[in-house]
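Letters go in sequence order (proteins before strands), and every chain restarts at 1.
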Amino acid sequence: MNKKVNEDLKQIIKDAVQNMPRKNKVNIEKFPNIILTTPKNSEHGHLSTNIALQLQNIFKEKSMILANIIVQEIQKKDTGILEKAEIAEPGFINFYLKNNVFFQILNEIMSKKEQYGKSNIGNNKKILIEFVSVNPTGPLHVGHGKCAAVGDALAKILSKAGYQVSTEYYINDHGRQMDILGKSVFARYRILSGEDVSFPENGYKGDYITALAKEIIEKHNYRFIGKNNTETIQFFKEYAHKKIITDIRKDLVSFGVEFDNWFSEETLYSDDKVRPVINRLLEEKHIYQQDGALWFKSTACGDEKDRVVVRESGEPTYFASDIAYHEDKYKRGFETLIDIWGADHHGYVKRMKAVIDALGYDIDSFQVLLVQFVTLIKEGKIVGMSTRGGEFVRLKDLISEVGKDVARYFFLMHSHDSHTEFDLDIAKSQSMENPVFYIQYAYARICSIIEKGKNEKIDISEESGIDLDLSLLKSKEEIELIKKLANYRKIIERSAIYWRPYLVASYLHELASIFHKYYTEYKVINPDINLTKSRLYLIHATKIVLKDALKLLGVEAPEKM
RNA sequence: GCGCCUGUAGCUCAAUAGGAUAGAGCAACGGACUUCUAAUCCGUAGGCUGGGGGUUCGACUCCCUCCGGGCGCGCCA
């Protein structure tokens, strides 16, 4: 329900509880939070509260009796929004709202347009979401796609919920992995040129490495043969790195994901940001020396063991960069940091939390969202996805097979917390098995009706609400639809608070479902002109919400299908 | 062995943060197009929520325990 109605009703309940006659003369020391829910079962009213159940222990009185007294108290005055209030076992109070409350929601949607559903729970807080951040040693695969979709949708949802959001991709372009990449491509180059050399044991074996080597042969011929020196390796490294990053960026763009910032690990060293923070932590005794290496005391935050930040060789670890990187995030003014990682990195969470603590920031201001693995199903069988062997399905291929919209929706339709299955055959089928088309179809149907209305010279705009007789919208299905539209803001907020983009996805499916039912049952354009106008107004509002929610997920809203 | 995630209809997943009769989609079966797009709608069937204990007005949800699945436990990133 819209905010004002919710607040008003809470106040009404609160007043009623405070004014109610008390048998046991109990004072309410701590007033319980009044919780209003929208019941699943429409027989339980439009809104419901469990306040009487919560109060029964405080008042030492049966909840049904309390509920009864509260309802009597509420009924003493006209609230303007309530049709009636009922009690139900074992002590719920169910509220039925007046119809004009619903009509106001339609007016609100039509006047606010895409601003409808916007919330301010974020309080303009600066929040940084870092996601994907795949090593630039190979192309993106399907598993990364899930992180990308979740991160991107979350950013949009948080922004709608009133946060000041920035997104970032962290490029690990510093450590040994980059050297291995350079050596891998060089080795492939030499093999292709006919040299009898063995491929490095720990090298990257994917076919993209071969493709890179071929590309270099085309551009530079065989001029690197016999020049097995650091300069050559450096060239191969930089070439491969640049090319892979470009491809990653391209794949992400075609997936509808664009970052506000690409942060290079290398710059942490070139700008000398690592050493100072390590020294500081050393002074503050969060880091100590042992066996010739520097160790960070992550056991302070429940980690299994302390972790090395600078090796015996004097070379800093990846972890050292991460300390500096996260400090830098705070220094840039972000109050909340969200990192989205694949579930295989979960062992890293505790040490990072310990870092945040040691740096002196609130441990809860740093949150990690672990995205569980995706199992890809093709023809009923599981498709292998080993990263090193190079036998994974690329995000690029997935997009070209099923399209951006379907791929994104499939990643977003379930909780990031659960291991999901991605069935390629269902995703490809343009049938009713596919929930994306189901939602888009609802949108297209609405567009089609509005178009037909225009052809018959019946046009509806936001101003027309004043002249309309919305009380004509009284069928169960119409009220259901409006109720769902009214719930939009709440879904955004919950989705933002618990970082669950899938709530928006399932909301969309439910909204589409209600619309489809309504569509089948009633004709929007019908002989009664006033009824037609009111119904057009309703579906127009539905269209606005559908489009906005789809936008949050990064899924297109086609006008025709 | 320790840690994180997970176990709900034949399958894929929900369940409003502890709420009312555990719900959707697919698959199965039976219906609905002369009408704004049938990529839709309606109906039938399908459940000891992995097992057992506990907490309370009330548990899929929280706690303990056991069993199963995924992932991780480097001076790799």
Asker: May I have the distance from H509(A) (atom NE2) to U40(B) (atom C1'), rounded to whole angstrom?
Answerer: 12 Å

Asker: Heavy-atom distance under 4.5 Å between the side chains of Y269(A) and S321(A), does that happen here?
Answerer: yes

Asker: With a 4.0 Å cut-off, would you call E556(A) and K404(A) a salt bridge?
Answerer: yes

Asker: Does a distance-only test, which skips hydrogens and angles, find a donor-acceptor pair under 3.5 Å between the side chain of S48(A) and the base of A20(B)?
Answerer: yes

Asker: When the C1' atoms of G25(B) and G46(B) are compared, how many Å lie between them, rounded to an integer?
Answerer: 14 Å

Asker: Which of the following nucleotides, A77(B), U21(B), U37(B), is nearest to the side chain of N41(A)?
Answerer: U21(B)

Asker: Between G72(B), U16(B), U6(B), which nucleotide gets closest to the side-chain atoms of D417(A)?
Answerer: U6(B)

Asker: Which nucleotide wins on minimum distance to the side chain of H414(A), given the candidates C75(B), C42(B), U12(B)?
Answerer: U12(B)

Asker: Which one, C75(B), U40(B), C2(B), comes nearest to the side chain of E304(A)?
Answerer: C2(B)

Asker: Name the stems with RNA chain B in them: runs of three or more consecutive Watson-Crick or G-U pairs, distances under 3.5 Å?
Answerer: B:1-7 with B:67-73, B:10-13 with B:23-26, B:28-32 with B:40-44, B:50-54 with B:62-66

Asker: Answer yes or no as to whether A17(B) has its base stacked against Y498(A), where stacking requires a ring-centre separation under 5.5 angstrom and planes under 30 degrees apart.
Answerer: yes

Asker: Once the angle between the rings of Y96(A) and H46(A) is folded into 0 to 90°, is it parallel (under 30°), tilted (30 to 60°) or perpendicular (over 60°)?
Answerer: perpendicular

Asker: Mind checking if N94(A) touches a base, just sugar-phosphate, or nothing, with heavy atoms under 4.0 Å?
Answerer: base

Asker: Can you work out whether H516(A) or E510(A) has the more 5'-proximal nearest nucleotide on RNA chain B?
Answerer: E510(A)

Asker: Can R489(A) and E493(A) be counted as an ion pair, charged N to O under 4.0 angstrom?
Answerer: yes

Asker: Go through A77(B), C42(B), U21(B) for me and flag the one nearest to the E43(A) side chain.
Answerer: U21(B)

Asker: Quick test of the criterion, 5.5 Å between centres and less than 30° between planes. Is Y438(A) stacked on A39(B) or not?
Answerer: no

Asker: Going by an N to O cut-off under 4.0 Å, is there a salt bridge joining K483(A) and E480(A)?
Answerer: yes

Asker: Quick one: label F319(A) by what it contacts on the DNA or RNA (base, sugar-phosphate, nothing), any heavy atom closer than 4.0 Å.
Answerer: nothing

Asker: With the stacking rule set at 5.5 Å and 30°, tell me whether H345(A) counts as stacking on A77(B).
Answerer: yes

Asker: Can you tell which of A14(B), A20(B), C75(B) lies closest to the side chain of S418(A)?
Answerer: A14(B)

Asker: Under 4.0 Å: is that the gap between some side-chain N or O of R311(A) and OP1 or OP2 of C76(B)?
Answerer: yes

Asker: Nearest of U37(B), C2(B), C75(B) to any side-chain atom of E312(A)?
Answerer: C75(B)

Asker: Find which nucleotide of RNA chain B each of A343(A) and P90(A) is nearest to by heavy atoms, and output the residue with the more 5' nucleotide.
Answerer: P90(A)

Asker: In whole Å, measure the gap between the C1' atoms of G10(B) and A17(B) for me.
Answerer: 31 Å

Asker: State which of U16(B), C13(B), G74(B) makes the closest approach to the side chain of R307(A).
Answerer: G74(B)

Asker: Would C67(B) be called syn or anti here, given the cut-off of 90° from 0?
Answerer: anti

Asker: Looking at C5(B), C76(B), A39(B), which one has an atom nearest to any side-chain atom of M561(A)?
Answerer: A39(B)

Asker: Is a donor-acceptor contact shorter than 3.5 angstrom present between the side chain of N50(A) and the base of G19(B)?
Answerer: yes

Asker: Does a salt bridge link K484(A) with E510(A), judged by any charged N lying under 4.0 Å from a carboxylate O?
Answerer: yes

Asker: Return the nearest nucleotide to the side chain of Q56(A); candidates are C36(B), A20(B), C57(B).
Answerer: C57(B)

Asker: Please report the shortest heavy-atom distance between T38(A) and K490(A), naming the atom on each side.
Answerer: N-NZ, 4.5 Å

Asker: So Y170(A) and Y325(A), would you call those rings parallel, tilted or perpendicular, with 30° and 60° as cut-offs?
Answerer: parallel

Asker: Test of understanding: with side-chain contact (heavy atoms from CB on, under 4.5 Å), list the residues that count as partners of I233(A), not counting sequence neighbours.
Answerer: K183(A), F186(A), N228(A)

